Number of protein chains: 2
Amino acid sequence: MGRDIKSMSNSVIQRLPRYLVYIQRLKRNDIQWISSSELAEALGLTPSTVRQDLSYIELAGISKKGYKIELMESALSKVLGINHEQKIIIIGAGNLGKALAMHRGFAAYNFTIEGIFDNNPELIGLKIGMLEVKPISQLKDFIKNNFISMGVIAVPQTSAQEVANQLIEAGVCGILNLTSANLNLPPKIAIVNTRISASLLEVACFMNVAKGECYNFNIACEQSNIVLSDS
Amino acid sequence: MGRDIKSMSNSVIQRLPRYLVYIQRLKRNDIQWISSSELAEALGLTPSTVRQDLSYIELAGISKKGYKIELMESALSKVLGINHEQKIIIIGAGNLGKALAMHRGFAAYNFTIEGIFDNNPELIGLKIGMLEVKPISQLKDFIKNNFISMGVIAVPQTSAQEVANQLIEAGVCGILNLTSANLNLPPKIAIVNTRISASLLEVACFMNVAKGECYNFNIACEQSNIVLSDS
DNA sequence: TAGATTGTTAATCGATTAACAATC
DNA sequence: TAGATTGTTAATCGATTAACAATC
């Protein structure tokens with residue numbers, strides 16, 4: 001009857017976004033119900049795992065029918081904390097920062113990108129979509145004045161810690177770190193590290209381990225955990 | 001005395017790139033030795049985990065001193081499959097694809113980006129750094145003629161499966177999927193899914209779970225697993 | 001030598017899976 | 001009703017941690 005979300009393991013938290021993304025797609029195709037085994041099949045999981053995971057969200061399934069997609073979507077959104085707007089800023093207006101600032105897909109999850117910052121004078125003032133690159137010196141005030149909840153770090157690795165410190169000081173308590181720096185942060189800050197270079201290294205490693213015979217690994221990186229998906 | 005790398009778990013494979021990145025940084029600062037506890041401390045792991053992980057690579061530690069960084073680097077590179085060049089192509093010349101094509105950091109891991117593809121006529125022919133965007137119609141031949149080992153999928157989600165099929169048919173056996181599509185692939189293909197949107201959803205979820213009191217989660221996403229790092 | 005650190009085996013912990021009564 | 005599916009408890013599996021002899 002609903003387990004306490006505070007006891008969700010990291011693996012669970014990594015799977016929830018996958019459920020959401022998948023059922024949103026079904027919804028667009030006017031599909032209304034899904035069973036734990038269908039969802040498991042689609043994502044390479046077991047029905048047990050799916051039902052265990054869903055026991056954390058406020059969602060009643062119905063015997064013989066499964067779960068109503070519309071209800072699952074709103075229950076997942078609530079647990080994922082995106083049933084209300086989340087204001088985000090990007091720090092670093094290099095190639096990656098720019099790409100993220102231009103990305104239209106975040107709106108689907110109620111994420112709005114409110115600003116992009118850099119300390120390179122050549123970039124400051126540059127227009128990126130609807131945004132204009134602001135100097136890092138304005139970072140803290142901006143966060144406070146605009147109720148920013150999350151920061152995305154897309155600066156060079158060597159500046160990552162410093163940026164993180166400023167984000168924390170200004171009151172941000174969620175960080176997506178896209179650099180390979182190992183950030184040192186106070187407790188109670190939600191931080192997710194997503195490193196594309198490291199992902200490439202993992203691909204290379206899997207290929208190397210498999211050599212010639214190759215194994216098929218399916219890594220749900222958002223998480224970024226790894227799930228074996230050969231079959 | 002060295003365990004079989006074929007028995008490495010996904011968690012191990014996710015940590016190896018972190019070790020490499022970290023010790024390369026130490027090396028640049030002329031540090032020559034590191035112990036399992038120092039490495040563990042730096043990455044938020046236990047010394048036991050580090051020693052267990054290192055038992056998969058060909059590296060002899062020395063009592064009282066630890067591991068020689070230079071040797072660790074080459075042993076890790078070998079297991080990660082980057083002791084030789086890996087040729088990569090990017091499919092999708094949108095914002096993210098462009099950003100990756102411009103990224104200089106991959107060279108440090110022996111990755112060379114050999115081409116970038118798109119099916120948008122407006123993008124074909126466009127110069128991106130040293131590369132020129134090629135049409136998808138040339139994808140398969142290019143892979144075969146240039147001995148491409150890995151493909152990075154940065155197209156819209158709806159085309160991801162089709163692109164993956166073509167990569168596989170052409171002989172690529174390692175894929176980094178940056179879309180939120182759940183790719184259906186034959187066995188023996190190394191695939192890593194790294195989704196920035198999903199990472200943002202995880203950050204939001206952690207913040208939501210923690211509410212007010214916030215917990216500090218450290219997600220090693222490469223691979224992307226999640227490790228609790230509050231302290 | 002004494003002390004620190006490795007390498008490896010055993011113990012613990014936690015996540016995943018199986019099983020099954022309850023339900024529609 | 002019969003059959004399928006949920007919700008949840010128990011069993012299994014595997015990853016992490018602890019412990020300690022061997023080593024420098």
Side-chain angles (χ1 to χ4, degrees), chain A residues 1-16 18-19 32-41 43-69 71-72 75 217-220 223-229 231, chain B residues 1-16 18-19 32-41 43-69 71-72 75 217-220 223-229 231:
Chain A
M1 183 151 298
R3 275 187 283 175
D4 184 5
I5 60 169
K6 299 212 181 200
S7 65
M8 282 196 293
S9 70
N10 294 353
S11 343
V12 175
I13 293 178
Q14 290 183 320
R15 284 189 296 265
L16 298 185
R18 301 184 64 201
Y19 298 150
Q32 299 193 345
W33 295 85
I34 190 168
S35 68
S36 57
S37 38
E38 287 169 324
L39 193 45
E41 168 75 18
L43 301 185
L45 307 168
T46 65
S48 274
T49 300
V50 171
R51 290 202 297 276
Q52 290 274 17
D53 289 349
L54 295 182
S55 73
Y56 287 103
I57 74 176
E58 287 169 31
L59 178 68
I62 293 180
S63 293
K64 258 188 114 172
K65 297 191 92 172
Y67 304 90
K68 190 152 202 198
I69 284 177
L71 296 178
M72 192 190 285
F217 292 88
N218 197 342
I219 306 189
Q223 67 265 132
S224 301
N225 74 324
I226 312 189
V227 181
L228 197 70
S229 86
S231 48
Chain B
M1 183 153 297
R3 276 189 283 175
D4 184 6
I5 58 169
K6 298 211 182 200
S7 65
M8 282 195 295
S9 70
N10 293 353
S11 343
V12 175
I13 293 180
Q14 291 184 320
R15 284 189 296 264
L16 298 185
R18 300 184 65 201
Y19 298 150
Q32 298 193 346
W33 294 86
I34 191 167
S35 67
S36 56
S37 38
E38 287 168 326
L39 193 44
E41 167 75 17
L43 301 185
L45 307 168
T46 64
S48 275
T49 300
V50 171
R51 290 202 297 276
Q52 290 275 17
D53 289 349
L54 295 181
S55 72
Y56 288 103
I57 73 177
E58 288 169 31
L59 178 68
I62 293 180
S63 292
K64 257 189 113 170
K65 297 191 92 171
Y67 305 90
K68 191 153 201 196
I69 284 176
L71 296 178
M72 192 190 286
F217 292 88
N218 197 342
I219 305 189
Q223 20 147 255
S224 306
N225 74 324
I226 312 187
V227 181
L228 197 71
S229 86
S231 50

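Here is how names work: the chains are called A, B, and so on, in the same order as the sequence lines, proteins then strands, and each is numbered from 1. Because the structure is a prediction, the values reported are computed rather than measured.
Once rounded to the nearest 0.5 Å, the distance linking CE of M8(B) with CG of D53(B) reads 9.5 Å.
Residues Y19(B) and L54(B) approach most closely at CD1-CD2, 4.3 Å, considering heavy atoms. Across all their heavy atoms, E38(A) and W33(A) have their closest contact at OE1-O, 4.2 Å.
Using a 4.0 Å heavy-atom criterion, one finds that S35(A) contacts the sugar-phosphate atoms exclusively. Residue S48(B) is classed as a base contact, given a heavy-atom separation below 4.0 Å to a base. Contact annotation for S37(A): no contact, since no heavy-atom pair falls under 4.0 Å across all strands.
Considering only heavy atoms from C-beta on, V50(A) stays 4.5 Å or farther from P47(A) through its side chain. At a threshold of 4.5 Å between non-hydrogen side-chain atoms, the residues R15(A) and L43(A) do not count as touching.
Under 4.0 angstrom from either OP1 or OP2 of dG7(D) there lies no side-chain N or O belonging to S55(A). Using a 4.0 Å cut-off, no side-chain N or O of Y56(A) falls inside it from OP1 or OP2 of dG7(D). Distances shown here put a side-chain N or O of T46(A) below 4.0 Å from the OP1 or OP2 atom of dT17(C).
Of the candidate nucleotides dG7(C), dT6(D), dT17(C), dT17(C) has the atom nearest to the side chain of T49(A). Nearest nucleotide to the side chain of S11(B), out of dA15(D), dT17(D), dT16(C): dA15(D). Side-chain proximity of K64(A) to the nucleotides dT17(C), dG3(D), dC24(D) is greatest for dG3(D).
One can place CG of L54(A) at 15 Å from C1' of dT16(C), the figure rounded to the nearest angstrom. M72(A) places its CE atom 10 Å from the P atom of dG7(D), with the value rounded to the nearest Å. Protein atom CZ of R51(B) is 10 Å distant from nucleotide atom P of dT5(C), rounded to whole Å. The CG atom of L45(A) sits 13 Å away from the P atom of dA18(C) (whole-angstrom rounding). Look at CG on L59(A): it is 7 Å from P on dG7(D), rounded to the nearest Å. Between the CD atom of Q52(B) and the C1' atom of dA10(C) there is a distance of 11 Å, rounded to whole Å. The CD atom of E58(B) sits 13 Å away from the P atom of dG7(C) (whole-angstrom rounding). Between the CG atom of N10(A) and the P atom of dT16(C) there is a distance of 10 Å, rounded to whole Å.
Residues that satisfy the salt bridge (charged side-chain N to carboxylate O under 4.0 Å, His left out) test with E41(B), not counting sequence neighbours, are absent from this structure.
Each of S36(B), S35(B), S37(B) was evaluated against R51(B); a single residue qualifies, S36(B), per the side-chain hydrogen bond (donor to acceptor under 3.5 Å, both in side chains) test.
Applying the 3.5 Å distance criterion, the base of dT5(C) shares a donor-acceptor pair with the side chain of S63(B).
Stem list for DNA chain C (at least 3 consecutive Watson-Crick or G-U pairs, distances under 3.5 Å): C:3-24 with D:3-24.
With R3(A) contributing its side chain and Q52(A) its backbone, the two residues share a donor-acceptor pair below 3.5 Å.
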